[in-house]
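Since the structure is predicted, the reported quantities are computational estimates derived from the model, not experimental observations. Just so you know, these numbers use all the heavy atoms, side chains as well, and skip hydrogens, waters and symmetry mates. We name chains A, B, ... by the order of the sequence lines, and we start the count at 1 in each one.
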There are 2 protein chains.
Amino acid sequence: MSEDKNIRKAGLKVTLPRVRILEIFEQSKERHLSAEDIYNKIRESGDEVGLATVYRVLTQFESAGILMKQNFEDNFSVYELVSDDHHDHMVCIDSGKVIEFKNDLIEEEQDKIAKEHGYKIVDHKLVLYVKPLDGEK
Amino acid sequence: MSEDKNIRKAGLKVTLPRVRILEIFEQSKERHLSAEDIYNKIRESGDEVGLATVYRVLTQFESAGILMKQNFEDNFSVYELVSDDHHDHMVCIDSGKVIEFKNDLIEEEQDKIAKEHGYKIVDHKLVLYVKPLDGEK
DNA sequence: TTTACTGCAAACTGTTTGCAGTAAA
DNA sequence: TTTACTGCAAACAGTTTGCAGTAAA
């Protein structure tokens, strides 16, 4: 399967935890998953893995450019599959739903701002915390 | 002093830890301080406070609208004095320096994006991670 | 004098690490 | 057979909480 290719390409051995983790990202309707999320999903499916292993594999996949780490909340991180097109996030504080969006104008403006201050952008993070327009209180 | 007023206004007793913490925010050249930063500064000045107290007071000041919490990094949080004018942050990944900026165009665009998706913005977070333009490696 | 506040230590949460065993190559 | 990988438990870092004592009002 294609998962195996990606794992090998990263110079990693093809093991159950790694395959399962990639599968979960590819199959889950949620794009954004935490270490716990993944740990639970694997467990529910009957396989045995350690939480520590999940953390280790997530880190490895991040360095390999397969996953990307996101820190929305105070405490914990979520990961998502890296896709070629950059996007930012909108988090609904009522439902927890995460929506991705992209806006070139904002991107350009950011570059300008950095340049004006004598810097170049290495990375950036834009998260909008939102509520539904139709006031459901 | 003005610190006392702010503390009283928040319905809190005027105590040494609270006064010192506010003083530190008002006197420090850094606008953004972590619990540890503050703890150390108070200690260095000879006063005795517990780290737990610092955390408690920061939280109280946040609910009172005196301070605002910011989470730039994975692990820990920094606080800054609330000012009326909104701004975003630029963090230099070489020096750790934090620069504040404001851009109306970006703000407007954000509102538009949220609206297009049927949401209104409650809060947002924009952080640019940057490096100096003149490549000092 | 009353009640909010404090310092301390112990508890918590998400994450990382050491280690001896296990399995991919 | 070699060496990367794993699970487990113990360790971590930042933060929170319970409690008995202390001080602001």
Side-chain angles (χ1 to χ4, degrees), chain A residues 1 3-24 32-43 45-64 66-79, chain B residues 1 3-24 32-64 66-79 96:
Chain A
M1 14 236 46
E3 288 98 22
D4 296 16
K5 282 232 181 60
N6 289 322
I7 295 171
R8 287 215 183 75
K9 218 183 305 175
L12 299 169
K13 287 187 178 171
V14 178
T15 62
L16 180 113
R18 310 223 248 236
V19 173
R20 293 294 290 110
I21 288 177
L22 268 197
E23 278 177 7
I24 284 171
H32 305 84
L33 300 168
S34 68
E36 282 272 342
D37 290 342
I38 291 161
Y39 175 72
N40 291 331
K41 278 175 194 282
I42 297 181
R43 288 263 157 160
S45 77
D47 294 316
E48 297 253 315
V49 275
L51 222 203
T53 301
V54 174
Y55 276 105
R56 267 183 298 226
V57 171
L58 289 175
T59 308
Q60 292 159 349
F61 283 178
E62 193 194 4
S63 343
I66 298 173
L67 296 178
M68 169 163 253
K69 200 179 192 176
Q70 296 286 342
N71 295 73
F72 297 139
E73 315 293 325
D74 262 21
N75 316 321
F76 70 104
S77 309
V78 292
Y79 287 82
Chain B
M1 15 234 47
E3 287 98 23
D4 295 16
K5 282 232 180 60
N6 288 322
I7 296 171
R8 287 217 182 74
K9 218 184 303 175
L12 299 168
K13 287 187 178 170
V14 177
T15 62
L16 180 114
R18 309 223 249 236
V19 173
R20 294 294 289 110
I21 289 176
L22 268 197
E23 276 176 9
I24 284 170
H32 305 85
L33 299 168
S34 68
E36 282 270 344
D37 290 341
I38 292 160
Y39 175 71
N40 291 330
K41 277 174 195 282
I42 297 181
R43 289 262 156 162
E44 282 162 21
S45 78
D47 293 317
E48 296 254 316
V49 276
L51 222 203
T53 301
V54 173
Y55 276 105
R56 268 183 297 226
V57 171
L58 288 175
T59 308
Q60 292 159 349
F61 283 178
E62 192 193 4
S63 344
I66 298 173
L67 295 178
M68 171 162 253
K69 199 180 193 177
Q70 297 286 343
N71 296 73
F72 297 139
E73 316 293 325
D74 262 19
N75 317 320
F76 69 105
S77 309
V78 291
Y79 287 82

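Under the Watson-Crick and G-U wobble criteria, each requiring two contacts below 3.5 Å, nucleotide dC12(D) is paired to dG14(C). Across the strands present, dT22(D) finds its partner in dA4(C); the criterion is a Watson-Crick or G-U wobble pair with both atom distances under 3.5 angstrom.
Closest-nucleotide positions on DNA chain D for Arg8(B) and Ser34(B) were compared, and the one nearer the 5' end corresponds to Ser34(B).
Per the geometry, CD belonging to Glu62(A) stands 10 Å off P belonging to dT16(C), to the nearest Å.
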Q) With the sugar-phosphate defined as primed atoms, P, OP1 and OP2, and the base as all remaining atoms, what B/S/- string results for nucleotides 4-11 of chain C, 5' to 3', for protein heavy atoms under 4.0 Å? A) SSSBBB--

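Residues Arg56(A) and Pro17(A) have side chains not in contact (no heavy-atom distance under 4.5 Å, counting atoms from C-beta outward). Side-chain atoms of Arg18(B) and Thr53(B), non-hydrogen and from C-beta on, never get closer than 4.5 Å to each other.
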(Q) One pair to check against side-chain contact (heavy atoms from CB on, under 4.5 Å): Ile21(B) and Val49(B). What are the steps and the verdict? (A) CA-CA 10 Å; Ile21(B) 289 176; Val49(B) 276; over 6 Å; no

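Taking side-chain N and O atoms only, Tyr55(B) has no distance below 4.0 Å to OP1 or OP2 of dT16(D).
Atom CG of residue Leu58(B) and atom CG of residue Leu67(B) lie 6.5 Å apart, to the nearest 0.5 angstrom. To the nearest 0.5 Å, the span separating CG on Asp37(A) from NE2 on His32(A) amounts to 11.5 Å.
Leu22(B) and Phe61(B) make their closest contact through CG-CE1, 3.6 Å (heavy atoms, listed as atom of the first residue, atom of the second, distance).
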